[in-house]
There are 2 protein chains.
Amino acid sequence: MVQIPDPPAPPSSPASRPVPTSADVARLAGVSRATVSYVLNNAGAVRISEPTRRRVHEAARELGYVPHAAARSLRAGHSRMVLMPAPPVPAGPLYSQFVHDFQQALGRLDYTVVQYGASGLRGDEAARAWAELRPVAVLVPGPGIGPEGVAVLKRSGARAVVTLGCDRVEGAHALLLDHETVGRAAARHLYDRGRRRVGVVVPRERSLDMFSRPRLAGARAALDGTDATVTELSLAYTEESARALAARWRELGLDAVFAFNDEYAVLVLSALAERGVRVPEDTAVIGADDLLLGRLVRPRLSTVHIRLPSGRDLAELVDRAVRNPGTPPESRELLAATVVGRESS
Amino acid sequence: MVQIPDPPAPPSSPASRPVPTSADVARLAGVSRATVSYVLNNAGAVRISEPTRRRVHEAARELGYVPHAAARSLRAGHSRMVLMPAPPVPAGPLYSQFVHDFQQALGRLDYTVVQYGASGLRGDEAARAWAELRPVAVLVPGPGIGPEGVAVLKRSGARAVVTLGCDRVEGAHALLLDHETVGRAAARHLYDRGRRRVGVVVPRERSLDMFSRPRLAGARAALDGTDATVTELSLAYTEESARALAARWRELGLDAVFAFNDEYAVLVLSALAERGVRVPEDTAVIGADDLLLGRLVRPRLSTVHIRLPSGRDLAELVDRAVRNPGTPPESRELLAATVVGRESS
DNA sequence: TTGAAAGCGATACCAC
DNA sequence: GTGGTATCGCTTTCAA
């Protein structure tokens, strides 16, 4: 091997040695790159003598060699990466828990879950950005993708695309979170308890629209054609906003409120209590998501319980789809939305 | 276009065409791969005739061509990926918000944040797994890495390693979350209000030990050498567990409790109220993290406010470190822990 | 048991 | 303007 004088080093990297490659390991161990690969990957098909193995391992350790995942999967032609685009809004407790479970479960199946924070792009642009990573499967939260996006992903090798949102997308497996059902269940519950002037809290945070709009629509739908009215109430997740809302409570003349979720509901509850509005006597309150929080406040909060998929179930669905890419996409209804009536309604 | 009879398809991929590459685009457009690359990357140095450009773009669109990120960064020798190993525990509200901000901010600086769910590995194994991805920077939450891990990452090209946790790690930038300070602040506050028999709630969830232990230790340290006592109270995040704790409250004989964080504090508050223990008269309660939640319950919850780094600040730190890898690691104290006294203490 | 070499996909230098 | 082609790091077939 001839020593070629280095070109004048670029000033950007002052003294940093280049990252060691398998060739470096081979050189140091006095073997070929092929042997290095065999040893480090415990290739069963090939027998390598014990002394050689040791020399290779030692050389690798000494250089701090770490294989290059991109090169590896480029050569292999596939990876076991499951991509999850990060949602455009900070994760809530339900979602955090779900992602965590999902990661654990897929990890046990030997996949690697990657949450990819490529915000700023949207629609097909985003799908292309995800496809560049050549994931074996993609789990898309919310309405972040359309049929063309799914097609792009599949054409670039994704063996399963799963959407976790309100509506079915052509070509993708769907976990349907039917938020309208949540709104409908809440509204019907309030109606059954004799309430007729129902407020629906809609978060001012626009990033929650994808959840809040369907919930509002569901409530509207449930009460349409009855003698009850629905009033949309815009609310930011701050005490000031809640106080402002409570201040005009009497003039609103509502006898019930469905508050998007338990966190907003507790916020409302607190502001109403401050103004002396009695719950549930003057106004019934119901939230959604059945967070522990709702059981801790007084009066205990009525809520709509949502049964999310267990991370394990979903991991198995993904695994099945990956092993068997021919099968037509499944759709699963995931919102068995059931009302949990407690003290506040 | 000639129809070539497929070779006996491997049963794994029934009808799926291979993923299109730039070579396919070149073939279809009747140009070379080099030209394709120039056109699609808008290479400024080279002029390509307008008709050629169009042909290339059209071919790419028709094939649904998406460049292969791994191949690209293999060739380029670097990427702009910032790796964040996912924490071993479902993210709390504070952390979710922080990650979200951090992602947005780094996105604006043209980095890509990737949360990597490689649970199961630990210590140097984990560091090696991260290094395989050749990230340009790594942000490690918690005590997930040691000095050797940092060295491994740097040797494989990471230009910045930042730890977000309790203690400084050799070679890495550190954002120090000194949880002992939180415990100390809480305990001192209770002491100043005349409390002498202090309980400290420690979550039974072992994955929170990395936060809860230092908080407990801080409380112990603050009251050490005074006439006050500290009692460790194990508590799971469930109503039953809280009720069980409340049931033996009298016999515990405590006059104050520091409850790890606001969520646990509210849980305790609720259970105590149920047993008729008056707060703050019989027992003072203080939480931590200053979640909105604490302002919504009655009595309003005293808490320890923690000032986390803004995502933007941290993004800038990372960017600076990446552009200028020579500079010695900075350490920043991030816990300006200040007590917010409200009604519960 | 080990080595030489082909190639995975994209890019950039150097000719034409 | 455009086309060859070497190269990034790794795996794997084939030959020795």
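Protein chains get the first letters and strands the later ones, always in sequence-line order, with residue 1 at the start of each. Keep in mind it's a predicted model, so treat the numbers as computed, not measured.
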Checklist line | Heavy-atom donor-acceptor pair, R47(A) side-chain to dT1(C) base, under 3.5 Å | finding: no
I'd like to check [X] versus [Y] (side-chain heavy atoms, cut-off strictly below 4.5 Å). Are they in contact?
X       : Y       : value
L83(B)  : L139(B) : no
P141(A) : Y95(A)  : yes
V82(B)  : V114(B) : no

Notebook entry, point to check: Which nucleotide in the set dG1(D), dG9(C), dT11(C) lies at the smallest distance from any side-chain heavy atom of S37(B)?
Noted result: dT11(C)
Note to self: Closest approach to the side chain of S22(A), judged atom by atom: which nucleotide of dC10(D), dC8(D), dA4(C) is it?
What the structure shows: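 That would be dC10(D).
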Phosphate OP1/OP2 of [N]: any [X] side-chain N/O under 4.0 Å:
X      : N       : value
T52(B) : dT2(D)  : yes
R72(B) : dT11(C) : yes
T35(B) : dG3(D)  : yes
T21(A) : dG9(D)  : no
S73(A) : dC10(D) : no
Y38(A) : dC10(D) : no

Measure from [atom1] on [X] to [atom2] on [N] and round the result to the nearest Å.
X      : N       : atom1 : atom2 : result
I48(A) : dG3(C)  : CD1   : C1'   : 11 Å
R27(A) : dC10(D) : CZ    : P     : 12 Å
R33(A) : dC8(D)  : CZ    : C1'   : 10 Å
N41(A) : dG9(D)  : CG    : P     : 17 Å

Notebook entry, point to check: Should the pair D319(B)-R323(B) be classified as a salt bridge under the 4.0 Å nitrogen-to-oxygen rule?
Noted result: yes
Check: Quick one: do E316(B) and R320(B) make a salt bridge, cutoff under 4.0 Å?
Finding: no
Margin query: Considering every strand and a 4.0 Å limit on heavy-atom distances, what is the contact class for V36(A): base, sugar-phosphate, or nothing?
Written below: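 V36(A): no heavy atom of the nucleic acid under 4.0 Å.
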Check: So which one's nearest nucleotide on DNA chain D is more toward 5', A23(A) or S49(B)?
Finding: S49(B)
